[in-house]
Student: 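The structure that follows is given in the form of structure tokens.
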Amino acid sequence: MDNILKKATDLMETRSRIIKAIEAACLVCNISRKEFESKKRQRHLVDCRRMVITFCRDNLELTWVHIARQFKLNHASIMYNHKVHTQLIHSDKFYLQKYNKFEELVKADISFVDIENIIYEIALKRKNLQNTIKTNEENTSQEK
């Protein structure tokens, strides 16, 4: 029974994060939620959907099928959008800037914590602290 409750809670939390990602994308792309959910294929709308799909895959680590169910699309469409996103990141500076703004906004909104970034920052601070201590010890020994 506890396992079922945990799965239901996880699904609700995941859905909540997806909704917040959609809202953030709509804000960054300056579109309405209705436009986001429409079947229109205008470039700015498709790009907005593509950003959310990629965020779900890369940051929320959802499966292709899970994302497809959330957006009522075929999993192959989700895979294609992810692939195009990767290409656009390398070739379209405007798209990259927009995606970075979107990603910052949605991560702040869902209180997303990337453990790898935290570990990296701690390692940097530790190294800086060790360098400072070493420098202070050298200065102290030179004064004597």
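Residue numbers run from 1 in the order of the sequence given.
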Student: Just so I know, are the side chains of R49 and N81 near enough to count as touching, which here means a heavy-atom distance under 4.5 Å?
Tutor: no
Student: Yes or no on side-chain contact (heavy atoms from CB on, under 4.5 Å) for H66 and L11, after CA distance, side-chain angles and deciding distance?
Tutor: CA-CA 10 Å; H66 189 94; L11 284 173; 3.7 Å; yes
Student: Can you tell if the side chain of C48 reaches within under 4.5 Å of the side chain of E35, non-hydrogen atoms only?
Tutor: no
Student: Test your reading of the model: is there a side-chain donor-acceptor pair from T135 to the backbone of N131, 3.5 Å cut-off?
Tutor: yes
Student: A quick test of your reading: do over 12 heavy atoms of other residues, nucleotides or ligands sit less than 6.0 Å from CG of N30?
Tutor: no
Student: Between M12 and S16, is there a side-chain heavy-atom distance shorter than 4.5 Å?
Tutor: no
Student: I need the full list of salt bridge (charged side-chain N to carboxylate O under 4.0 Å, His left out) pairs touching residues 54-64, with sequence neighbours left out, sorted by first then second residue.
Tutor: none
Student: Let me check something: any side-chain donor-acceptor pairs from residues 83-92 under 3.5 Å, sequence neighbours excluded? List them with distances.
Tutor:
residue	atom	partner	partner atom	Å
H85	ND1	Y95	OH	2.7
T86	OG1	H82	O	3.0
S91	OG	Q87	O	3.0
D92	OD1	F94	N	3.2
D92	OD1	Y95	N	3.3
D92	OD2	R43	NH2	3.3

Student: State the OG1-NZ distance between T132 and K125, to the nearest 0.5 angstrom.
Tutor: 13.0 Å
Student: Could you check whether any side-chain heavy atom of I19 comes within less than 4.5 Å of a side-chain heavy atom of R33, counting everything from C-beta outward?
Tutor: yes
Student: Find out if a path of hydrophobic residues (ILVMFWY) with successive side-chain heavy-atom gaps under 4.5 Å connects V65 to L73.
Tutor: no
Student: Kindly work out whether a path of hydrophobic side-chain contacts (I/L/V/M/F/W/Y, heavy atoms less than 4.5 Å apart) joins L96 to V106.
Tutor: yes
Student: Any donor-acceptor pair under 3.5 Å linking the side chain of E137 with the backbone of K134?
Tutor: no
Student: H75 versus I67: any side-chain heavy-atom pair under 4.5 Å?
Tutor: no
Student: Measuring from atom CD of E103 to atom NZ of K101, what distance do you get when rounded to the nearest 0.5 angstrom?
Tutor: 14.0 Å
Student: State which residues pass ring pair (Phe, Tyr, Trp, His ring centres under 6.0 Å) with F102; sequence neighbours excluded, sorted by chain then number.
Tutor: F55, Y99
Student: Applying side-chain contact (heavy atoms from CB on, under 4.5 Å) to C56 and Q70, what does each step give before you reach the verdict?
Tutor: CA-CA 10 Å; C56 289; Q70 293 295 320; over 6 Å; no
Student: Report the distance from atom CG of L60 to atom OG1 of T54, rounding to the nearest 0.5 Å.
Tutor: 11.5 Å
Student: Could you state whether M51 and Y80 fall into the same hydrophobic cluster, counting links through intermediate Ile, Leu, Val, Met, Phe, Trp or Tyr residues with side-chain heavy atoms under 4.5 angstrom apart?
Tutor: yes
Student: Rounded to the nearest 0.5 Å, how far apart are CG of N128 and CD1 of I133?
Tutor: 11.0 Å
Student: If you round to the nearest 0.5 Å, how far is CZ of R69 from NZ of K72?
Tutor: 13.5 Å
Student: Measuring from I78:CD1 to T63:OG1, what's the distance to the nearest 0.5 Å?
Tutor: 10.0 Å
Student: Kindly give the heavy-atom pair with the smallest separation between C26 and S32, and that separation in Å.
Tutor: SG-O, 3.8 Å
